[in-house]
Structure formats: structure tokens, C-alpha cells
Number of protein chains: 2
Amino acid sequence: MDNENFDSDLRVTIQRLARRLRSEKADDRISDTQFSVLCVLAREGAMGLGDLSAHERVTPPSMNRTVNALVEAGYASRSGSPDDGRKIVLDVTEGGHTVIAETRRRRDAWFSLRLADLAPEQRATLAAAAPILKELAEL
Amino acid sequence: MDNENFDSDLRVTIQRLARRLRSEKADDRISDTQFSVLCVLAREGAMGLGDLSAHERVTPPSMNRTVNALVEAGYASRSGSPDDGRKIVLDVTEGGHTVIAETRRRRDAWFSLRLADLAPEQRATLAAAAPILKELAEL
DNA sequence: TATTGTTATACTCTATAACTATA
DNA sequence: TATAGTTATAGAGTATAACAATA
């Protein structure tokens with residue numbers, strides 16, 4: 001297979017696997033996007049709307065809607081910045097941290113079961129590929 | 001790192017990379033979902049709505065909307081089944097095949113550029129991981 | 001004037017429920 | 001009665017354009 005087809009196949013595979021993973025969320029309390037944003041706040045710490053939308057490569061109005069849902073659900077907090085009246089500070093609430101832990105556990109279930117069925121050398125191959133994929137995702 | 005965290009990290013990485021890929025589509029004529037469905041028809045051959053929605057793990061009404069968009073755009077055809085009046089037959093049109101080729105080329109551009117920057121051994125690792133990921137996506 | 005966030009509006013994808021037509 | 005497809009309706013995520021408040 002030439003490079004071009006390999007690239008295309010890998011791209012499609014990644015998108016299909018992500019789609020498959022999304023379909024296994026098994027949690028009605030929070031959407032995939034909301035969960036992803038909540039995890040960013042938990043990992044990177046409190047930040048403003050602009051930072052968050054840039055981080056997720058989404059427009060500010062779009063992120064605003066997601067943040068509204070999280071705040072209304074009690075999983076994130078929105079407060080005014082003390083030093084700049086235009087800015088806001090978004091952060092994860094205690095309830096948000098709880099839901100992260102629980103949601104993550106549920107979402108990992110399907111994937112872990114499938115990975116456990118792989119041969120040891122297949123797992124090793126994925127372990128080697130993981131940091132490369134991570135790098136690609138962060139470009 | 002224990003298995004549990006590895007699984008979770010890989011899952012998140014795949015979802016983030018898919019998200020990154022989606023943001024690079026650079027094509028206004030067709031959506032990501034529409035393109036994916038069109039590719040299924042091109043790869044698997046003509047099929048009915050139920051088959052298609054089951055294949056993509058989406059409800060029939062949802063798939064119906066996507067199919068409508070493709071038919072209205074002239075990229076897919078909907079015709080009655082000759083042997084069963086309830087069934088329909090969905091297929092790719094000539095225009096659909098053209099748009100598949102062009103869209104695929106555009107969407108691969110970003111990914112190919114990034115893959116080209118990898119070291120040869122990194123590409124080899126991804127090549128080894130690709131069929132495993134593909135298998136996981138098809139479970 | 002520039003930046004930060006928000007509201008208004010619209011389009012796509014998703015789902016469930018209810019419906020039609022055919023087997 | 002069961003199956004294949006469709007329509008009606010609603011919710012979430014995305015975008016652009018226009019706006020308010022603050023620097």
C-alpha cells in the first residue's frame with residue numbers, strides 16, 4: 001500500500017473508532033463534548049472562555065453554549081475575573097470532579113474489555129503507537 | 001502505568017485526534033457524516049436504509065436525514081426495491097464517486113503532512129497499530 | 001479601538017414517538 | 001402482526017453576525 005492510501009485508511013480508522021467509542025458512553029448525565037471540556041478544565045486548571053474555545057478549536061459562542069450547560073448542571077462554575085471586568089473564570093466544581101471520575105469509569109468499560117481481548121504483542125504495539133497518536137492529536 | 005490508565009489515555013487520545021481530524025476537513029460541499037455514509041455505500045455497495053443505519057449504528061430516522069441530504073445534493077440515489085415494495089435501494093451516483101475522491105484528497109492533506117514529519121520508525125509503529133485499531137473499530 | 005464575552009439565528013446530527021405502506 | 005421506511009419534534013453542537021461591556 002502506498003503512503004497516500006495508508007494515511008487515508010488510518011485517518012478513517014481513527015474516526016470510526018472514535019465514533020464507536022462515543023456510542024458506548026452509557027451515561028445520560030453529560031454529553032461527550034461537555035465531558036471533554038470538563039476534563040480540560042480539570043487538567044489545565046481554571047481559564048476564561050476564549051482560552052477554552054481556542055484550546056478545543058471551537059468558536060467562543062459554541063463553547064459558551066457548552067459551558068452554560070455545564071454550569072446549569074452544576075459541574076462547572078463561572079465567576080468574574082478580579083483583575084479584568086471583561087473576563088470570566090471557568091472551573092470545575094466538586095460535583096464536576098465526581099462526574100468526571102464516574103463518567104470516565106463507565107466510558108472506559110467497553111474499550112478496556114476489547115483491549116483485554118487482544119494478544120499481548122498487539123497491546124504492546126498499541127502502547128508504542130499511543131504516544132505518537134497523542135503527539136499527532138496535539139499538533 | 002497500569003492497564004486502566006493506559007486504556008483511558010488511549011481512548012481519550014483517539015477521540016481527540018478524531019476531533020482534530022474533523023476540524024481539518026476544509027470542504028463545504030459535504031459534511032463529515034455525509035461523507036462517511038457515502039464511503040460506506042461506495043465500499044459495501046448498494047443497500048437499504050435499515051442496513052445502512054445498522055452499519056453506522058445510528059437510528060433509521062437519523063440516517064434518513066443524512067441520506068436525504070446526499071440525494072438532494074445528487075451524490076446518492078434512492079430507488080424502490082424491485083422485489084419488496086417496502087424496501088429502497090441506496091447507492092452512490094457518479095457525482096458521488098467524484099466528490100468522494102476530491103473530498104478524501106482534501107481531508108487527507110492535513111494528516112499526511114503531519115505523518116510525513118514523523119520518523120520512519122514512528123511510521124512503522126503506526127503501520128503495525130493500524131490493523132489493530134481497525135479491528136477494534138469494527139467490533 | 002481592541003478585547004472578552006454574549007445573544008440571535010441557522011444548519012447538521014442525533015434521538016424517540018408516531019405514522020404509512022407493504023409483507 | 002411484523003417489517004421498512006418516513007415524518008414530526010426536540011435537544012446538542014457547530015457556525016457567523018451583531019452586540020455589550022470593559023480595557
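Every chain is numbered from 1 and lettered A, B, ... according to where its sequence line falls, protein lines coming before strand lines.
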Rounded to whole angstrom units, what separation is found between the [atom1] atom of [X] and the [atom2] atom of [N]?
{"X": "B:L90", "N": "D:dG5", "atom1": "CG", "atom2": "P", "answer": "8 Å"}
{"X": "A:I88", "N": "D:dT22", "atom1": "CD1", "atom2": "C1'", "answer": "14 Å"}
{"X": "A:R78", "N": "C:dT7", "atom1": "CZ", "atom2": "C1'", "answer": "12 Å"}
{"X": "A:L52", "N": "D:dT14", "atom1": "CG", "atom2": "P", "answer": "11 Å"}
{"X": "A:K87", "N": "C:dG5", "atom1": "NZ", "atom2": "P", "answer": "7 Å"}
{"X": "A:M47", "N": "C:dT3", "atom1": "CE", "atom2": "P", "answer": "20 Å"}
{"X": "B:I30", "N": "C:dC11", "atom1": "CD1", "atom2": "C1'", "answer": "16 Å"}
{"X": "A:L49", "N": "D:dT22", "atom1": "CG", "atom2": "C1'", "answer": "16 Å"}

Taking every non-hydrogen atom, the tightest pair across [X] and [Y]:
{"X": "B:R123", "Y": "B:A116", "value": "NH1-N, 4.1 Å"}
{"X": "B:D51", "Y": "B:M47", "value": "CB-SD, 3.8 Å"}
{"X": "B:V89", "Y": "B:A46", "value": "CG1-CB, 3.7 Å"}

Original post:
Nearest nucleotide by nearest heavy atom, which residue falls closer to the 5' end of DNA chain D, B:D51 or A:A69?
Top reply: B:D51
Subject >> Heavy-atom protein contacts under 4.0 Å, nucleotides 15-23 of chain C, coded B base, S sugar-phosphate only, - none >> reply: BBB---BBS
**OP:** Show your reasoning for whether side chain to side chain contact (heavy atoms under 4.5 Å, CB included) applies to A:R78 and A:N64.
**Re:** CA-CA 11 Å; A:R78 176 198 266 113; A:N64 196 43; 3.1 Å; yes
Original post:
Sub-3.5 Å donor-acceptor pair from the side chain of A:T13 to the main-chain atoms of A:D9, do we have one?
Top reply: yes
Original post:
Would a 4.5 Å heavy-atom cut-off, applied to side chains only, mark A:F35 and A:V99 as touching?
Top reply: no
Original post:
Does A:N64 make a side-chain N or O approach to OP1 or OP2 of C:dG5 shorter than 4.0 Å?
Top reply: no
